[in-house]
Amino acid sequence: MDDFARSVLAWFDVHGRKDLPWQRDRTPYRVWVSEIMLQQTQVATVIPYFERFLARFPSVAALASAGLDDVLQLWTGLGYYARARNLHRAAGIIVRDHQGEMPVDTAALEALPGIGRSTAAAIVAQATDRRATILDGNVKRVLARVHAVAGHSGEARFLARLWDLAEEHTPNERVADYTQAIMDLGATLCTRSRPGCERCPVAARCVARGMENPQAFPAPKPRRRLPERAVRWFLFIDAADRCLLMQRPPTGLWGGLWSPLEYADGTAVEQAALAVGVGAASILSIDLEPPFRHTFSHFHLDIEPVSVRIASATSVLDRADLRWFEPAALGSVGMSAPAVRLLEQLFVGREP
DNA sequence: GATCCGTGGCG
DNA sequence: TCGCCAAGGAT
């Protein structure tokens, strides 16, 4: 074990997090679910989702035998929904190809959808304490500073160098603790802005610390202006106070989730109504709701909601991706966060 | 290599 | 209000 790992572990013994939900009863399944949820997502956000998910799907078998709708429902609001689709698909593969037993070697794990190099290593390290090397955003930041590695995550050379460094520092003992330790260090001390170098256990050996500003590492990624898109969301509500939702295509943005009917900006109500089999004659009122902007990592989406009261759905098309929902049934399927907010505002919120 | 995929928090 | 980005992986 090198001095770096020793120092990080000593710091962890005092300051590290050891009471997270997925840190007790570290079965491979629980560790797996937590690592997927934690991808690009902060601990505080994950905790309630993790608890609900494990209560509903306590085992690989339970997850595999569930419907995708049920899985997406528990993922509602967590984002990056491909994670949920991959998790569900992987559970089926584990039942079929691994007799329902989670594999705990990196090669078998990486063969599963949604598990890459770092996540596979994290599962092995946390569930078995065997040697495996992770490289997430926290570790990248810590190592880029300690070794003053120039560049950023968009560059292959930068990543290759960091993987080498990460491998070199990974100890042969206490791998689970070390893995948690270096992530905690990055999350709580070696933060992107205002790092707490004074309290850092490896400040003495940190090259960036000895230079001008440790915050210069990693280098910021060059950014472009985000492109903009605009859509209309039509929310049809009938006299029985049900609303019409569409299930989005299985891949792409909010894949597999339910949402108001989405059409291009400027689409007329009558046109949208016709497309889903709602007779134009049954339209009672049309309300333009306040538009709102939803920002993603790579584009802005301007959403213009239109609520449409209709007398009855005279000739609803036989489309499997359309369904009328009672207010109480909305909680039983997966929806995006903006869809949830809008429905609460326009639909559920109007209930007496 | 470049792009796509969510959300909430923060300065 | 806005840009930035956090326990990445798939295409």
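Computed from a prediction, not measured in an experiment: that's the story for all the values here.
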Scan [X] against the nucleic acid and name what it touches under 4.0 Å (heavy atoms): base, sugar-phosphate only, or nothing.
X: T295(A); answer: base
X: R157(A); answer: nothing
X: A156(A); answer: sugar-phosphate
X: E110(A); answer: nothing
X: V43(A); answer: base
X: L226(A); answer: nothing
X: S193(A); answer: nothing
X: P220(A); answer: nothing
X: T41(A); answer: base
X: L112(A); answer: sugar-phosphate
X: G252(A); answer: sugar-phosphate
X: R194(A); answer: nothing

Reading DNA chain C from 5' onward, which residue's closest nucleotide shows up sooner: R293(A) or R83(A)?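 Looking at DNA chain C, the more 5' nearest nucleotide goes with R293(A).
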
Which residue lies toward the 5' end of DNA chain C, S118(A) or R224(A), if each is placed at its nearest nucleotide?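 With S118(A) and R224(A) compared, the 5'-side residue is R224(A).
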
Would R229(A) and F299(A) count as a cation-pi pair here, with the cationic atom under 6.0 angstrom from the ring centre and within 45° of the axis?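 Yes; both conditions hold, so R229(A) lies above the ring face of F299(A).
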
Quick check: do P195(A) and R145(A) have side-chain heavy atoms less than 4.5 Å from each other?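 Yes. Closest side-chain heavy atoms under 4.5 Å.
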
Taking the minimum atom-to-atom distance to the side chain of [X], which one of [options] wins?
X: T119(A); options: dC5(B), dG6(B), dG9(C); result: dG9(C)
X: Y80(A); options: dT7(B), dG3(C), dC5(B); result: dC5(B)
X: P338(A); options: dG8(C), dG3(C), dT7(B); result: dT7(B)
X: L253(A); options: dG6(B), dC4(B), dG3(C); result: dG6(B)

Phosphate OP1/OP2 of [N] contacted by [X] side-chain N/O (<4.0 Å):
X: W75(A); N: dC5(B); answer: no
X: R223(A); N: dC5(C); answer: yes
X: R225(A); N: dG3(C); answer: yes
X: Y81(A); N: dT7(B); answer: yes
X: R341(A); N: dG8(B); answer: yes

Nearest-Å distance, [atom1] ([X]) to [atom2] ([N])?
X: H294(A); N: dC5(B); atom1: NE2; atom2: P; result: 12 Å
X: Q42(A); N: dG6(B); atom1: CD; atom2: P; result: 18 Å
X: N86(A); N: dC5(B); atom1: CG; atom2: P; result: 14 Å
X: R192(A); N: dG3(C); atom1: CZ; atom2: P; result: 15 Å
X: H298(A); N: dC5(C); atom1: NE2; atom2: P; result: 16 Å
X: D136(A); N: dC5(C); atom1: CG; atom2: C1'; result: 14 Å
X: F296(A); N: dG8(B); atom1: CZ; atom2: C1'; result: 13 Å
X: R141(A); N: dA6(C); atom1: CZ; atom2: C1'; result: 8 Å

Could you check whether R161(A) pairs with D164(A) (Lys NZ or Arg NE/NH1/NH2 to Asp/Glu carboxylate O, under 4.0 Å)?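 So R161(A) does not pair with D164(A) through a salt bridge.
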
Please confirm whether the ring centroid of [X] lies under 6.0 Å from the ring centroid of [Y].
X: H294(A); Y: F292(A); value: no
X: F236(A); Y: W324(A); value: no
X: F296(A); Y: W254(A); value: yes

Work out how far the P atom of dG8(B) is from that of dG9(C), and round it to whole angstrom.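 About 23 Å, rounded to a whole number of Å.
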
How far does the P atom of dT3(B) sit from the matching atom of dC4(C), given to the nearest Å?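 Looking at atom P only, dT3(B) and dC4(C) are 16 Å apart.
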
Report yes or no: does H88(A) contribute a side-chain atom to a donor-acceptor pair with the main-chain N or O of A66(A) at less than 3.5 Å?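 Side chain of H88(A) to backbone of A66(A), a donor-acceptor pair under 3.5 Å: yes, one is there.
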
Can you tell me if T267(A) uses its side chain to pair, donor with acceptor, with the backbone of Y263(A) under 3.5 Å?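 Judged by distance alone, no pair lies under 3.5 Å.
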
Which residue, G154(A) or F299(A), contacts DNA chain B at a nucleotide closer to its 5' end, judged by nearest heavy atom?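 It is G154(A), whose closest nucleotide lies nearer the 5' terminus.
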
